[in-house]
Amino acid sequence: MALNQKEKEQYWELRDEIRHMILSRLNDEQIISVTAGAGPVLCLAGAGSGKTTAMVYRIFHLLVFGPDYDPKAQPPDSVEAEDLDKLAGWLALPDQEGLSFRDLLTLIGQQGIPMQQILAITFTNKAAQEMRDRLEKLMGIPIQDMWVMTFHSACLRILKRESSQLLDYEKDFSIYDAGDQEQVVKEILRGLKLEDKQHSPRAYMSWISRQKSSLKLPAQNYTPTGNDFDQVAPLIYQRYQQALQRSNAMDFDDLLLQTVRLLKARPEVLAKYQSRFQYIMVDEYQDTNHIQYVFVNLLAQLHRNLCVVGDDDQSIYGFRQADIRNILDFERDFPGAKVIRLEQNYRSTSRILEAANQLVAHNKERKDKTLWTRNQEGDKLYCYKATDDQDEARFVYSRIQQTLAAGGSYGDHAVLLRTNAQSRVIEECFGVYQIPYCLIGGLRFYERKEIKDILAYLKFLSNPDDRVALRRIINVPKRGIGDSTVQRILEYSLQSGQSVYDAMNDREGLALSSRAEKAVSEFLSLIRELNERKTTENVTSLTDSILRRTGYWQELQSDESREGMDRIENLKEFMNKTGDYDQSHAEGSLAEFLGEISLITDMDMVGDEARHNAVQVMTMHMAKGLEFPQVFIIGLEEGIFPHFRSLYNETELEEERRLCYVAMTRAKDKLYMSCAARRSVHGRYQENPPSRFLTEIPDYLKDNFPPKTERSFAAEKKTRMAGIETSWDHWNAAGAAAAAGEPSSGNQITRTDPMGEDKKEAGFRVGDKVVHASWGQGVVVSVKQSGQGLSYQVAFPDKGIRDLLAQYAPLKKL
DNA sequence: TGGCTACCGGTTTTT
DNA sequence: CCGGTAGCCA
């Protein structure tokens, strides 16, 4: 029954009120960007100005009300009189109590943009995840149909969907990470007899990366005239790209480069994505490099509904060829763009904000901008000058303990580092004191040896051209195929133009010694068997077959060392992941699984809950876009931060300063900044003066940390020591009290952890201290139901958070 | 071919 | 401090 006129008017009023109520959560500038509708939009958003909020609401508004809200638009036909009560109910209780987003969509969403026509791009997986979380929370429904992802994931998805049309590549291509790339470059250097200090593989890798990110393809038939880096580099690039193509492999830069090439070469493919993505949003636009710029511009050309968000003060990826002109020239590239400035900061206390503003004002290359806040003044910055890096770590620990005692939770804290290597001391310290922490970034999940091994098997089964994978597995576990034999196979495959797999099959051509030939043919029959299994088995059982049939499993099981046990655990963890994959992808394929996993880091797999129950440790680069009540920035010393590579280069120094600005503006309530007089770097002690960034912040905004803390810390430490079995001898030297002290006051983690109260799943609960057969003591930080049954996320000293399955994991309560 | 020792050198930041 | 590897011997 359609609505009568009176009901219609009621409906219009209700709809308008709902929209109004949603928008009332935003400030005027945010509302302008949220409702800007069609056409190009440039949003210059300062730190903490609610730009993610603006983007999330912009998407939400597009989905529900469409780009061009018409208060008198006809209600959808399906709306009936009693639905008016539902809408009124939603107004009274907007937090999805009475009405889901889906209901809202059917009731008023007729003019909305369909989810699949939206593309939102971020820089890191973490930022993409954050945006997804917020969208899902706001809407109350999963958003699988929307592309919210990094540049690299978006490109990978396009390449996989268009795999029949690729230029220079076949469909099941591999993805090479930095390690794989290095292998390739090394092999090329070996071939050119250029293996010495003058020619570091990494330097060539970054040169090649620079070429690719400015869309430059390798020269054909290039001949160097000398041995200088500049002369050789183009040749290396040419051979490198050939090698990758022969292996049917792409590196990370290729994901973008090959996508752009594809879009340019195949107008019908470009047209498809151009028309699909009606609305495109790009976060952190100041950090796009040339090729990312081209990618976005290609896609946005048709509808021109491109909304970019960024802040020139937060440009920190210059080293990756981020080009700040992309954002500065946006208005030129998209004439008629609406320009919106978000300058009110909602995140930080006014002192934190002022300190950050004062710091970044030392940069010359910037647009002047006035970021302001109505937030409270808050505390001054806590500055601590530690005697050494361990003392600095203990400072962090003792401050965390203090907030915990005051009712805070671990997840409120973030420790921000300049380099990943700085995490070691923090991890050791947190391990000793049983602080659950979450190391974000660091190793990519599959960078552990045993994971790389099993992945290399999978890659080779998926892509018989993959030379790097073959090299890795051909003699692992040992099966008597030595280096010279491997060399022969690789060379012969080049000579004869066959895939490495076919080359191995070509006995006559290879002409190996009889012993080597026997070993190779045994390996081949193994591969053949696994290849057959590939067609019938899912990823998990294929992985299991590989581990059993190669003897890898057996070899590890006979290894009694701690390392061996770790590896077994890691492999089990890996099989959890494959299990999850198999369960959620009924039609999944090995190649798809490999693609998915290669862009994922460790932390993308840790549950939300786990993250919130642990101190977050990460580099400042990873922290961009995130916020925390309490932030520690450590290592503020000349040579560490600013990093020594940038000390004598004004441009790079300014980038370091922006990085510091980014780090400081992550803090909501409290900001701690510390330096150490002495720090161990590569096993040697280094003494660096405090960072200029500390002195650039005026004194009236800083408090030097009271020296009495050291003493109170000693007392505190005394009460905590007992009951902790982890080795902490090396901490003792610098520390105060001896181990003899009364037992710690019970289970302080359960006591202070608010989550511990209501989590009562079978076995363990959040906050329980547990012992793992091979990893020792840890703390349960979350419990969840996974594809494989109940699983625990447990924080271990030195290991960070691991996913463990309740039914298999050798866990005991402490 | 494989295992061992003794050196050397590297060391930003991300996908 | 760590990992990679050159060089040696079984």
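Below, chain A is the first sequence line, B the second, and so on; all start at residue 1.
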Let me spell it out: for each of A:T485 and A:H643, pick the nucleotide of DNA chain B with the closest heavy atom. Which residue's pick is nearer the 5' end?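 Its nucleotide being nearer the 5' end, the pick is A:T485.
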Using the closest heavy atom to pick a nucleotide of DNA chain B for each, name whichever of A:T619 or A:I481 lands nearer the 5' end.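 With A:T619 and A:I481 compared, the 5'-side residue is A:I481.
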Sort me out a list of protein N/O and nucleotides 1-3 of chain C N/O pairs below 3.5 Å, or just none if empty.
unit_1	atom_1	unit_2	atom_2	d
C:dC1	N3	A:H682	O	3.4

Tell me, please, which residues at least two apart from A:P477 pass side-chain contact (heavy atoms from CB on, under 4.5 Å).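 Only A:Y457, A:R479, A:T550, A:Y552, A:E555 meet the side-chain contact (heavy atoms from CB on, under 4.5 Å) criterion with A:P477.
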Per the side chain to side chain donor-acceptor pair (under 3.5 Å) rule, which among A:D466, A:N248, A:D251 passes with A:S174?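 Only one of A:D466, A:N248, A:D251 forms a side chain to side chain donor-acceptor pair (under 3.5 Å) with A:S174, namely A:D466.
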Not counting sequence neighbours, list each pair that qualifies as a salt bridge (charged side-chain N to carboxylate O under 4.0 Å, His left out) and has a residue in residues 150-162 of chain A.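 Pairs touching residues 150-162 of chain A that pass the test: A:E162-A:K272.
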Any base atoms under 4.0 Å from [X], or only sugar-phosphate, or nothing? Heavy atoms, all strands.
X	value
A:S153	nothing
A:M620	nothing
A:Y317	sugar-phosphate
A:F123	sugar-phosphate
A:S484	sugar-phosphate

For [N], take OP1 and OP2 only and decide whether either is under 4.0 Å from a side-chain N or O of [X].
X	N	value
A:N125	B:dT14	no
A:N475	B:dG2	yes
A:K186	C:dT5	yes
A:S598	B:dT15	no

Once side chain to side chain donor-acceptor pair (under 3.5 Å) is applied, do any residues pair with A:Y237, and if so which ones, sequence neighbours excluded?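 Once residues adjacent in sequence are excluded, A:Y237 has no partner under the side chain to side chain donor-acceptor pair (under 3.5 Å) criterion.
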Set of side chain to side chain donor-acceptor pair (under 3.5 Å) partners for A:N475, sequence neighbours left out: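 Residues passing side chain to side chain donor-acceptor pair (under 3.5 Å) with A:N475: none at all.
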Here's a test for you: under side chain to side chain contact (heavy atoms under 4.5 Å, CB included), which of A:H643, A:M620, A:H621 qualifies with A:T419?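 Result for side chain to side chain contact (heavy atoms under 4.5 Å, CB included) with A:T419: A:H643.
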Tell me, please, which residues at least two apart from A:R657 pass salt bridge (Lys or Arg N to Asp or Glu O under 4.0 Å).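 Checked A:R657 against salt bridge (Lys or Arg N to Asp or Glu O under 4.0 Å); matches are A:E696.
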When the distance from [atom1] of [X] to [atom2] of [N] is rounded to whole Å, what number comes out?
X	N	atom1	atom2	answer
A:L156	B:dT14	CG	P	20 Å
A:D483	C:dG7	CG	C1'	14 Å
A:I175	B:dT15	CD1	P	14 Å
A:D253	B:dT15	CG	P	13 Å
A:L659	B:dT13	CG	P	11 Å
A:K126	B:dT13	NZ	P	18 Å
A:N420	B:dG10	CG	C1'	15 Å
A:L626	B:dT14	CG	C1'	14 Å

Any ion pair linking A:D389 and A:R678 (charged N to carboxylate O, less than 4.0 Å)?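 No, this pair does not count.
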Identify which nucleotide among B:dT13, B:dT15, B:dT1 has an atom closest to any side-chain atom of A:R320, counting heavy atoms from C-beta outward.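 Nearest listed nucleotide: B:dT15.
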What nucleotide among B:dT13, B:dG3, B:dT15 has an atom nearest to a side-chain atom of A:K478?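 Of the candidates, B:dG3 comes closest.
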